[in-house]
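I have placed the structure first, in the form of structure tokens, so that the comments after it can refer back to it.
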Amino acid sequence: MGRIVKTTAAGGVGFLAGLLLEQGLESLTGLDFVDGLFAVAGSVLAALSVNRELVRAASRNIEQMFGKDPLEISESEWKQFKDANPKTAEWLEKALKV
Amino acid sequence: MLPSLSLLTGMVTGLATKFGVAYLHKQGHLPQSVYVNKALKALENDDLDEALRNFKLAAAKKRLTNQTEIAQEIIGQAMMLRISKLQDKIAEIEGILHPPIFSLQYLRNLLPRERLYLESLREERDGFAQAIAVLERMKAQLDE
């Protein structure tokens, strides 16, 4: 029983000391230590979602260009878009398997 | 009282990661797709400055990939669309400021009570023209 109490007390003191040190360093340096790790994770996620973002951005441009949903544009409107944005159009055709 | 080894290791790793990532990010050393993604997110929020800044970072250190070139085209088109909208607004204002002689608008513009309104339209037109000039400069930077 005494051992459990001692271990718990030591653990508690260690936790508090660590917490105080971390908080102190954070307030001194203005850094969030976990933030760095999230930044790496965020970068990986960002890299994975680029294709989706490209499709969305292109779709928004088409919407602004013709004032309608990209699915509703006519053949001639698509050609007009393709003339203005050849790389995007070609990539969209491949990505969406049109 | 000394902190535990695991806590110290965690803190050192956290600090190194934080500084490392911030430095690499600022210098444009992270993968291009990270900057492209940020540029596209900025575009979604209508923040063309941020989109351009991130695109330039993407292109700073590495050769443009197919994905980056497409992003460049998309950002460029967003700029051109905005320029086109502003030009339409300027044309609309010009139609009011300089209507055909003998039109109702022409006669209305002669009324003293319209002076303030016409003055505000002129200011608006000049503002749009300045915005177009800024956007054209940004487009030129994007294409550099």
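Lettering of chains follows the sequences in order, A, B, ..., and the numbering in each one begins at 1.
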Heavy-atom pair of closest approach, residues A:Met65 and B:Leu81: CA-CD2, 3.8 Å
Same cluster (ILVMFWY, side-chain, under 4.5 Å), B:Tyr106 and B:Phe102: yes
Closest non-hydrogen atom pair, A:Ala57 against B:Leu43: CB-CD2, 4.3 Å
Greater than 12 external heavy atoms within 6.0 Å of B:Lys89's NZ: no
Stepwise side-chain hydrogen bond (donor to acceptor under 3.5 Å, both in side chains) test for B:Asn37 and A:Glu53: CA-CA 7 Å; B:Asn37 191 286; A:Glu53 290 299 328; 5.1 Å; no
Check against side-chain contact (heavy atoms from CB on, under 4.5 Å), B:Lys85 and A:Gln64: CA-CA 10 Å; B:Lys85 274 184 186 172; A:Gln64 284 186 2; 4.1 Å; yes
Nearest-0.5 Å distance that lies between atom CD in B:Gln77 and atom CZ in A:Phe81: 5.0 Å
Same cluster (ILVMFWY, side-chain, under 4.5 Å), B:Phe128 and B:Leu97: yes
Atom group of B:Ile74 that falls short of 4.5 Å from chain A, counting heavy atoms: both
B:Ile96 reachable from B:Leu107 in the ILVMFWY side-chain graph, under 4.5 Å edges: no
Point-to-point distance, once rounded to the nearest 0.5 Å, from CZ of A:Arg52 to CG of B:Leu40: 11.0 Å
Within one Ile-Leu-Val-Met-Phe-Trp-Tyr cluster: B:Leu64 and A:Trp91, side-chain cutoff 4.5 Å: yes
Proximal to chain B - members of residues 82-89 of chain A, heavy-atom separation under 4.5 Å: A:Asn85, A:Pro86, A:Lys87, A:Thr88
Same cluster (ILVMFWY, side-chain, under 4.5 Å), B:Leu110 and B:Ile101: yes
B:Arg115, CZ: over 12 other non-hydrogen atoms inside 6.0 angstrom: no
Flag if over 12 foreign heavy atoms under 6.0 Å of NZ, A:Lys79: no
Pairing residues for B:Glu50 by the side-chain hydrogen bond (donor to acceptor under 3.5 Å, both in side chains) criterion, not counting sequence neighbours: B:Arg53, B:Asn54
